[in-house]
Every structure is written in C-alpha cells, then in structure tokens.
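Here the structure comes first, spelled out in structure tokens, and everything after it is commentary.
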Amino acid sequence: MELNEMKGVLEGLLFVSGDEGLSNKQIKNILDIDEDAITLLLNELKYDYEHGQRGLSILEVRGIHYLTTKPDHAVYYEKMQQSNVSSRLSQASLETLAIVAYKQPITKVEMEEIRGVKCDGPVQTLMSRYLIEEAGRKDTSGRPILYQTTREFLTFFGLTSLDDLPPLTEEDLDQTLMESDLFFTELADENEKAAQ
C-alpha cells in the first residue's frame, strides 16, 4: 500500500475511533506495520493538517491518538453550539428527554404513561441525535427495551454526571415537562456561562 493510501486509511481509522482514539498498538495491529511506519504516518498527517489550511489536527494524550478540530477555530464551534437545543428539538422530544434524564433506565411504555401520549417519534429523534440510547431490556413480560441518556447528553449540557442534574421531586417533574424547553435552555446557558 502506498504512503498516501495508508495516510488516508489511518485518517479514516482515527475518525471512526471517535472519542476512544487509537493507540500505536491498535494502529500496528490494524495496518500491520511497525512503530517507525506508524510514527511516519502520524507525522505526515500532522504536517498535512498543520500546513494545509485544514480544520482538523491530531492530538496525542497518554499514547492515544485522536482526530480533533483545530483550537484556532474554537470561536466558530462555540457559535455553532450556542444554537439552542430547543430550536432543534420539538416540545415532545424535550419532554421525553426530561423523562429519560430523571427516570432512567425507562421503557417507552413508561415514558408514554408519564407523558400521556405515544413517544415513538421523540424517542427516534433523541436516539438519532445521540442524546439517549438503549440500555438493555427490562426483566418483565415482553422484555421491553430500556432507555438512558448518553455521554453526549452530559457533554451537551455540561454535566459530569447525572448527579449534576438539578434535583426534582415528582411534582417538579410534572412542571419541568410542561416547561422542558425552558428547563434545558437554562441548563445549556448555565453550562455556557461556566465555560467562559
């Protein structure tokens, strides 16, 4: 395989590895190359990113390589993130997200009992946006799928864990569902202020 082709393969591997990144050992096993070739490929990719007016770079942390965006472009990424989650999610999706956040793991039927309406559409939307995910199956008749929030949910709202969610009583949850767009907007705003 030629150098440019191997660089392309490595670039693709770093992209699909996402937040997990790749170690030299993983790269060696996948591409079947030695340490010197790995160093050469990584250096070539870094050079291409640094000298080619590109939006990506390679970051190495504790021996793991990640494909990341360039810090110089952070202001543009912040502008993109400032777009409010409520402008992209329907009221039904926001209500469903609030239910999952506070009642997880939870089945679709349980969500529907709380909301009083079907949740098929909102669940699909939230899954497609990686805000919720399947969390196994409930050990009951029919073994329905359980849902929980994702790491992306925590990241988006600036939470380190679910313990950082504002505490709610059952009565507060009913109120939050009615005002879920405001609730999640305020949570995102708090995250933004804390980051500044």
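When reading the values below, keep in mind they use all heavy atoms of this one structure, side chains included, and skip hydrogens, waters and symmetry mates.
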Nearest atoms (heavy-atom pairs only) where [X] meets [Y]:
| X | Y | value |
| --- | --- | --- |
| Thr107 | Pro144 | CG2-CG, 3.8 Å |
| Val123 | Met111 | CG2-SD, 3.8 Å |
| Lys108 | Cys119 | CG-CB, 4.2 Å |
| Ile38 | Asn24 | CD1-O, 3.4 Å |
| Arg115 | Pro122 | NH1-CG, 4.1 Å |
| Leu97 | Leu126 | N-CD1, 3.7 Å |

For the [atom1] atom of [X] and the [atom2] atom of [Y], what is their distance to the nearest 0.5 Å?
| X | Y | atom1 | atom2 | answer |
| --- | --- | --- | --- | --- |
| Leu67 | Leu59 | CG | CG | 10.0 Å |
| Leu56 | Asp48 | CG | CG | 11.5 Å |
| Thr125 | Leu94 | OG1 | CG | 10.5 Å |
| Ile27 | Glu35 | CD1 | CD | 9.0 Å |
| Ile106 | Thr149 | CD1 | OG1 | 11.5 Å |

Is it possible for you to say whether [X] and [Y] belong to one hydrophobic cluster, with membership spreading through side-chain heavy-atom contacts below 4.5 Å?
| X | Y | value |
| --- | --- | --- |
| Leu146 | Ile132 | no |
| Val16 | Leu41 | yes |
| Leu3 | Ile30 | yes |
| Tyr66 | Leu22 | no |
| Met127 | Ile99 | yes |

Could you tell me whether the side chains of Glu44 and Tyr49 share a donor-acceptor contact shorter than 3.5 Å? no
Does the side chain of Glu50 pick up a donor-acceptor pair with the side chain of Ser57 at under 3.5 Å? no
Does Lys138 form a side chain to side chain contact (heavy atoms under 4.5 Å, CB included) with Ile145? I'd like the steps, not just the answer. CA-CA 6 Å; Lys138 192 167 186 173; Ile145 296 170; over 6 Å; no
Near Lys70 NZ, under 6.0 Å, is it more than 12 heavy atoms from other residues, nucleotides or ligands? yes
If you count heavy atoms of other groups shown closer than 6.0 angstrom to CG of Asp139, is the number above 12? no
Heavy-atom distance under 4.5 Å between the side chains of [X] and [Y], does that happen here?
| X | Y | answer |
| --- | --- | --- |
| Leu31 | Val9 | yes |
| Leu10 | Phe15 | no |
| Gln104 | Tyr147 | no |

Could you go step by step and tell me if Leu162 and Phe153 meet the side chain to side chain contact (heavy atoms under 4.5 Å, CB included) rule? CA-CA 10 Å; Leu162 294 172; Phe153 167 83; 4.2 Å; yes
Say whether, by atom type as modelled, one donor and one acceptor occur between the side chain of [X] and the main chain of [Y] under 3.5 angstrom.
| X | Y | result |
| --- | --- | --- |
| Glu133 | Gln148 | no |
| Ser17 | Glu20 | no |
| Thr150 | Tyr130 | yes |
| Ser23 | Gln26 | yes |

Look at [X] together with [Y] and state whether they make a salt bridge at an N to O cut-off of under 4.0 Å.
| X | Y | result |
| --- | --- | --- |
| Glu11 | Arg54 | yes |
| Asp34 | Lys28 | no |
| Glu152 | Arg129 | no |

Stepwise side-chain hydrogen bond (donor to acceptor under 3.5 Å, both in side chains) check, Thr96 with Ser93: CA-CA 5 Å; Thr96 305; Ser93 294; over 6 Å; no
